[in-house]
Participant: 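Questions regarding the structure given below will be posed in turn.
Proteins come first, then strands; the chains are lettered A, B, ... in the order of their sequence lines, and each starts at number 1.
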Amino acid sequence: MENMKLLISVSPQTSLRLLKIISQKRSLSLGKSIHAQLIISNLFNIIESNYLIDIYSKCGHISAARQVFDFMPNRNLVSVSSLMAGYFHNGYPSEVLSAYRIMGFGQSCSCPNEFIFATVLASCSDLQALEEGQQCHAYVLKSGLIFHSYIKNVLLHMYLTCSSMEDALQVFRSMPGLDIISFNSMVNGLLDHGRMSDALYLLTRMVAEISQWDHITYVAVLGLCADSRDLLLSRQVHCQTSKRGIEANLFVASAIVDAYGKCADSNAALSSFRGFSSRNVVSWTSIMSACTQNLSFEETLKLFVEMLADGVQPTEFTYAVVLSACAALAALSNGHLLNAHALKLGYNAHLTVGSALINMYSKSGSVEDALKIFMGLTWKDIISWNCMINGFSHNGLGREALVIFHRMLTEGVAPTYVTFIGVLLACSHLGLVDEGFYYINHFMRNLGIVPGVEHHTCIVGLLCRAGLLNQANVYMTTTDSNWDIVSWRTLLSACLVHRKFLLGRRVADYVLHLHPDDAGTYISLSNMYAKENRWDKVVKIRRLMREKCIKKEPGVSWIQVRDKVHVFASGDNQHPLIENIHKKIAELIDEIKAIGYAPKTASFLHDVEEEYKEGYLNYHSEKLAVVFGLMSMPSEAPIHVIKNLRMCDDCHIAIKLFSKVTKRKIVVRDVNRFHCFEGGVCSCDDYW
DNA sequence: CTAGGGTTAG
């Protein structure tokens, strides 16, 4: 710094050399001091001012750049294009176009050159301003500027982002002298439009026409690997990049992690991520996304903590990924924490973060908080609406879901495939049979949305809920859809709830014909027999399951208390406080027996599985977790428990009564829906 | 002195 003052006062050539270095280094503080020196010595000319515009723009101080520009007594084309580039790179493409309009080229100013058009066309791309872009196209054709390679490529990019693939292809085909940048743009454009085979064809052409691929070509190829879920190809490309030393590039590194994640190999994603020498937010976010997509939710949370410890600031993408991991885990307290964190950094206003928060809160049993977030959004898109509608529906709040749906229609937002899953689910909760059929048969059809198996399954649920089980069965057998095991289970469990055992057994036989080893169906069947006290049949089914080595997925429930997640499996005694928990359960069972609870047992049989024996039900995982929660949470705090299977009958009754005798709010998220127990009743109205 | 293509999301 001391030397700099001397240099400026000594020679103007040296000051230009200094300015060049400062521009390359993007040093705001040095730029400011040399600016001050120039003012003091009153020595600056057009070139020095242009440098200052460039430096301020590159350092994100666009208003300072504008000030320098405005105070210049004389300007040239470089002054204009530097300022335009500044506006463009700082995210103000519309300023570039208005600057162009008021510039008065050809009159007071000389004609625009290739530098000006490069930035103007790039701004058209960002603004999706096809018409302006076409006007530029005409000008660069007439003026001959089209022969500059920069102009050619930026024009191609404009058509790729603003117009049809056909227009872009026409520009691409008519362009002489294609270079690596034109090819890269075209490949990426094709991939963006989902035209994978065309992209692949172009890549084979690139092998012949481009001597050396660069890192951006590899990013495109890795995008192709990810889109086509081709693990082998991903490995091959990864190897090539590391051989050529390109994997050190952070764009390439992130693309490698993403490709492995999309190809369902989270181990490869993790080990390649660990092997990279440098990291940034994007590569961190990519690895977290890879883990979340492959159901390693805890890993995502651990990585997030590690990233923060590394001093890397999250972005809206990061929050979206981590929040969706929280949603999957129903990790409400982590989600709360992330909400506060995002709020502090100002990311709460972002659409993706907002939707992720709505999703997280509604999947963690706190719809009230989800609604608060939703109402606080200044900008809503279709995904925010869908998250809120589905959030309400999944929590059994059909009325509220429909209110949001109608508000969405009034605001002129067009519903989508996902919207109607929530809407039909809401109809099912409310018993609105006619409305449900109206939505699926007319409303969706008028919008050109073809109903999928999710919608049809909602209709089955709707009919079942209304007690129209035969109609539900007929609907399933006569409607052409990709009926899956989920849809059949909807009908089966309805048969159980409504005690339609004849139909239930017939359906179960049919399902076992389609899915011979489905444990859930065997269990439903045996539950139906158990409800009729036909224990001989129960024993037979259990024996059959043993012979076929079909195992029931063990019931697991978990609850978060402070910073720790406590996991309970049915009948296991792993928890350090298990003695106290059993004692507490026994006390509570005695209490609720006094108000009418009658436990179900089949103690008179020895050949029945453990779970039917006396007292065994008391060791069901959800009871263990709920009672542990009652013991360890402050007395006003609601108890949030998550279970991997559907809740069992007995636990449902017992927990309802627990909520009454303890005056606590208890929320259990099972694999299907939420049960919100309060004052002895459940939000599911005993139907699940 | 100024300009081009690229990674992560609900």
Participant: Within this structure, what is the CG-to-C1' distance between A:N76 and B:dA3, rounded to whole angstrom?
Facilitator: 15 Å
Participant: Between C1' on B:dG4 and CG on A:L156, what's the gap in Å once rounded to a whole number?
Facilitator: 10 Å
Participant: Can a donor-acceptor pair be found between the side chains of A:S79 and A:N76 at a distance below 3.5 Å?
Facilitator: yes
Participant: Any idea which of B:dG5, B:dT8, B:dA9 is nearest the A:V321 side chain?
Facilitator: B:dA9
Participant: Between atom CD1 in A:I246 and atom P in B:dG6, what is the gap in whole Å?
Facilitator: 17 Å
Participant: At 4.0 Å (heavy atoms only), tell me whether A:I116 reaches a base, stays on the sugar-phosphate, or touches nothing.
Facilitator: nothing
Participant: Answer yes or no: side-chain N or O of A:S185 and base N or O of B:dG5 forming a donor-acceptor pair under 3.5 Å.
Facilitator: no
Participant: Roughly, in whole Å, what's the span from CE in A:M158 to P in B:dG4?
Facilitator: 16 Å
Participant: Classify A:L250 by what it touches in the nucleic acid, base, sugar-phosphate, or nothing, heavy-atom distance under 4.0 Å.
Facilitator: base
Participant: Does A:E368 have more than 12 heavy atoms from other residues, nucleotides or ligands lying within 6.0 Å of its CD?
Facilitator: yes
Participant: Answer with base, sugar-phosphate or nothing: what part of the nucleic acid does A:H215 contact at a heavy-atom distance below 4.0 Å?
Facilitator: base
Participant: Please report the distance, rounded to the nearest Å, between CE in A:M360 and C1' in B:dG10.
Facilitator: 12 Å
Participant: Under 30°, 30 to 60°, or over 60°: which ring-plane class applies to A:W385 and A:F374, parallel, tilted or perpendicular?
Facilitator: perpendicular
Participant: Is it the case that the base of B:dT2 and the side chain of A:S82 share a donor-acceptor contact (distance under 3.5 Å, atom types as modelled)?
Facilitator: no
Participant: Choose from B:dT8, B:dA3, B:dC1 the nucleotide whose nearest atom is closest to any side-chain atom of A:F115.
Facilitator: B:dA3
Participant: Should A:F317 be counted as stacked on B:dT8, where stacking needs a ring-centre gap under 5.5 Å and an angle between planes under 30 degrees?
Facilitator: yes
Participant: Assess whether one donor atom and one acceptor atom, taken from the side chain of A:N386 and the base of B:dG10, lie less than 3.5 Å apart.
Facilitator: no
Participant: In terms of side-chain heavy atoms of A:Y51, which of B:dC1, B:dG10, B:dG4 is nearest?
Facilitator: B:dC1
Participant: Which whole-number value in Å describes the distance from A:H157 NE2 to B:dA3 P?
Facilitator: 17 Å
Participant: Measure across A:H193 and A:L160 and return the closest heavy-atom pair with its distance rounded to 0.1 Å.
Facilitator: CE1-O, 3.7 Å
Participant: Strictly below 4.0 Å: does A:S289 bring a side-chain N or O up to OP1 or OP2 of B:dA9?
Facilitator: yes
Participant: Among B:dA9, B:dT8, B:dG6, which nucleotide sits nearest the side chain of A:I216?
Facilitator: B:dG6
Participant: Tell me which nucleotide among B:dG4, B:dC1, B:dT7 gets nearest to the side chain of A:N153.
Facilitator: B:dG4
Participant: Roughly how many Å is it from CZ in A:F117 to C1' in B:dA3, rounded to a whole number?
Facilitator: 13 Å
Participant: Under 4.0 Å between any heavy atoms, over every strand shown, what does A:Q293 touch: base, sugar-phosphate, or nothing? Just pick one.
Facilitator: sugar-phosphate
Participant: Please give, in whole Å, the distance from B:dG5 P to A:Y159 OH?
Facilitator: 17 Å
Participant: If you check the A:I181 side chain, which of B:dA3, B:dA9, B:dG4 turns out closest?
Facilitator: B:dG4
Participant: Quick one: do the A:S384 and A:D381 side chains pair a donor with an acceptor below 3.5 Å?
Facilitator: yes
Participant: Looking at every strand, decide which applies to A:S149 at a 4.0 Å heavy-atom threshold: base, sugar-phosphate, or nothing.
Facilitator: base
Participant: Does any donor atom in the side chain of A:D369 or A:N339 lie under 3.5 Å from an acceptor atom in the other side chain?
Facilitator: no
Participant: Nearest to the side chain of A:I180, which nucleotide is it out of B:dG5, B:dG6, B:dA3?
Facilitator: B:dG5
Participant: Side chain of A:D179, base of B:dG4: donor and acceptor closer than 3.5 Å?
Facilitator: yes
Participant: Using the six-membered base ring of B:dT7, report whether A:F251 stacks on it, requiring centroids under 5.5 Å and planes under 30° apart.
Facilitator: no
Participant: Counting side-chain heavy atoms from C-beta on, which of B:dT8, B:dG10, B:dT2 comes nearest to A:S384?
Facilitator: B:dG10
Participant: So, OP1 or OP2 of B:dG4: does either fall under 4.0 Å of a side-chain N or O from A:H89?
Facilitator: yes
Participant: Which part of the nucleic acid does A:D214 contact within heavy-atom distance under 4.0 Å: base, sugar-phosphate only, or nothing?
Facilitator: base
Participant: Just call it for A:Y150: base, sugar-phosphate, or nothing, with non-hydrogen atoms closer than 4.0 Å on any strand.
Facilitator: base
Participant: Using 30° and 60° as the class limits, which term best fits the ring planes of A:F172 and A:F183: parallel, tilted or perpendicular?
Facilitator: perpendicular
Participant: Over all strands shown, is A:V78 touching base, sugar-phosphate only, or nothing at heavy-atom distances under 4.0 angstrom?
Facilitator: base
